[in-house]
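Along the sequence shown, the residues carry numbers beginning at 1. We use all heavy atoms of the structure for the numbers below, so side chains are in, but hydrogens, waters and symmetry mates are not.
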Amino acid sequence: MSVHPPRPSGPPLNALRAFEAAARLGGFSRAADELCVTPGAVAQQVKALEDWAGVALFDRQAQGVVLNDMGRQVLPLATRAFDQVAAMVQELRAVASPNRLHIAALPAVAQLWLSPRLPGLRRALPDLEISVTAMEQPPNLERDPFDMTLFFGDPAEGEQIADDVILPVCAPALAGCLAEVADLARLNCLSDSAWAGDWPLWLQQAAGAEAPTLRGPVFSLYALAVQEAVNGAGVLMGHRCLIERDLREGRLVAPFDQPVATGKALIMQLRQPVRTPLARLAAALRESRL
């Protein structure tokens, strides 16, 4: 008789991770976004976990999946376990490389707001190694290997770095064509696909029922739209905190003195607990000027 019998195998870690994310976020698609995989991959991993356990954790419905009683019973344990793993990883990062910091930022913020400030940060904090990742959605600072995030959001969600105020801007050569808001209908009006509501919001405040019908190209990179506005391609709905240097140095001008607040702000969030290197970086960003 063998004294070293094979041990029962547990479920794959990826299957547990997929279940926890899908259960916590309320669906396979949201879990897929967080885990950077496809919804089908999440569904496959969850099914593998259910097959291993011999019990369903979600009810499959025509509109999607819904966590069932068994899933709700084990979700707190799974979340707590992955939170603890994440905390261990974050602690290991902080202890092993205390001066390496990683910022996650919206692409437009990374390119137009943060990038011009990086040389000053390097001069002020020569002992810190600062990496930047551009991404469309804020990461989970409790789970993901980032120390700071810079995104537009509700001012109550974090530390407000700048108000989000929008206004039309263009190259100086085009400004003479814009005596009133109605003149916008005769020019290309540039916009960003992620901020499709900017022009309607501004027009509602500035022109009301008399708002003209606008046309113009749409860009998926706001920095590209800004450069096209500088090039004279049309009128851009500018986010003032992202184009402040272009306005100050005269590459762009605001033909209408009618700024409109979006109700959002550029928000900074920090990984907790805030250690000294991160606190120094945050203080330097707060004091940074272009």
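Other residues, nucleotides and ligands contribute over 12 non-hydrogen atoms within 6.0 Å of the CD atom of Q160. Environment of CZ in R100: sparse, with no more than 12 heavy atoms of neighbouring residues, nucleotides or ligands closer than 6.0 Å. The neighbour count for E142 CD, taken as heavy atoms of other residues, nucleotides or ligands under 6.0 Å away, does not exceed 12.
Using a 4.5 Å heavy-atom threshold, the side chains of M135 and F151 count as touching. Taking 4.5 Å as the limit, every side-chain heavy atom of E129 sits out of range of all side-chain heavy atoms of L101. For the pair S97/R93, no side-chain contact is recorded, criterion being any heavy-atom separation below 4.5 Å from C-beta on. With a 4.5 Å cut-off on side-chain heavy atoms, W195 and L201 do not count as touching. Contact annotation: the side chain of P168 approaches that of M237 to within less than 4.5 Å [non-hydrogen atoms, C-beta and beyond]. Between L278 and M148 the shortest side-chain heavy-atom distance falls below 4.5 Å. Using a 4.5 Å heavy-atom threshold, the side chains of C170 and V253 count as touching. Within the 4.5 Å cutoff, the side chain of V260 has no heavy atoms near those of the D198 side chain.
For the atom pair L114 CG and L106 CG, the distance stands at 11.5 Å (nearest 0.5 Å). Taking CG of N188 as the reference point, atom CZ of R215 lies at 5.0 Å (rounded to 0.5 Å). If you take CG on D59 and CG on N68, they are separated by 4.5 Å, rounding to the nearest 0.5 Å. Taken to the nearest 0.5 Å, the CG atom of D144 stands 10.5 Å off from the OG1 atom of T133. Taken to the nearest 0.5 Å, the CG atom of N140 stands 9.0 Å off from the CG atom of L25. Atom CG of L281 sits about 5.0 Å away from atom CD1 of I130, to the nearest 0.5 Å.
Annotation for R271 and A94: closest pair NH2-CB, 4.2 Å, computed over non-hydrogen atoms. Minimum interatomic distance between A229 and L190 (heavy atoms only, all atoms of both residues): N-CD1, 3.7 Å. Taking all atoms of both residues into account, the shortest heavy-atom contact from V169 to L247 is CG1-CD2, 4.0 Å. The minimum heavy-atom distance between V181 and F256, with the atom names listed, is N-CE2, 3.7 Å. Between P277 and P98 the shortest heavy-atom distance is CG-O, 3.3 Å. Contact detail for G263 and P155: the closest heavy-atom pair is O-CD, 3.6 Å.
A continuous path of ILVMFWY side-chain contacts below 4.5 Å connects L121 to L112, so both sit in one hydrophobic cluster. In the hydrophobic cluster analysis, where Ile, Leu, Val, Met, Phe, Trp and Tyr join through side-chain heavy atoms closer than 4.5 angstrom, L141 is grouped together with V274. The cluster map of Ile, Leu, Val, Met, Phe, Trp and Tyr, joined by side-chain heavy atoms under 4.5 Å apart, puts V132 and I267 in different clusters.
Between the Q269 side chain and the E157 main chain, a donor and an acceptor come within less than 3.5 Å of each other. Checking side-chain atoms of D246 against main-chain N and O of V230 turns up no donor-acceptor pair under 3.5 Å. The closest donor-acceptor contact from the side chain of W202 to the backbone of Q258 lies under 3.5 Å. Formation of a donor-acceptor pair under 3.5 Å by the R245 side chain with backbone atoms of P116 is not found in this model. Side chain of D192 to main chain of Y222: a donor-acceptor pair is present (N/O by atom type, distance under 3.5 Å, no hydrogens or angles). For the pair Q272 (side chain) and L270 (backbone), a donor-acceptor distance under 3.5 Å is present.
Here salt bridge (charged side-chain N to carboxylate O under 4.0 Å, His left out) pairs that include residues 158-172, with residues two or more places apart or in two chains, are E159-R286.
Relative orientation of the H239 and F152 rings is tilted, given thresholds of 30° and 60° on the angle between their planes.
Looking at R30 and D33, no side-chain N of the basic residue comes within less than 4.0 Å of a carboxylate O on the acidic one, giving no salt bridge. A salt bridge does not link D83 to R24: none of the charged nitrogens lies less than 4.0 Å from a carboxylate oxygen. Using a cutoff of 4.0 Å between basic side-chain nitrogens and carboxylate oxygens, R275 and E91 are scored as salt-bridged. Salt bridge annotation for E50-R60: present, with a cationic side-chain nitrogen under 4.0 angstrom from a carboxylate oxygen.
A donor-acceptor pair shorter than 3.5 Å cannot be found between the side chains of D69 and Q73. Side chains of R117 and S288: a donor-acceptor N/O pair is present below 3.5 angstrom, by distance only.
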Can L167 and R240 be said to form a side chain to side chain contact (heavy atoms under 4.5 Å, CB included), step by step? CA-CA 7 Å; L167 72 171; R240 190 164 61 188; 4.1 Å; yes
Audit row: V235, W199, side chain to side chain contact (heavy atoms under 4.5 Å, CB included) steps and yes/no: CA-CA 11 Å; V235 185; W199 275 110; 3.9 Å; yes
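Think of V65 as one node in a network of Ile, Leu, Val, Met, Phe, Trp and Tyr side chains linked at under 4.5 Å; its network also takes in L13, L16, F19, F28, L35, V37, V42, V46, L49, W52, V55, L57, F58, L67, M70, V74, L75, F82.
For F146, the ring-ring contact (aromatic ring centres under 6.0 Å, His included) partners are H102, not counting sequence neighbours.
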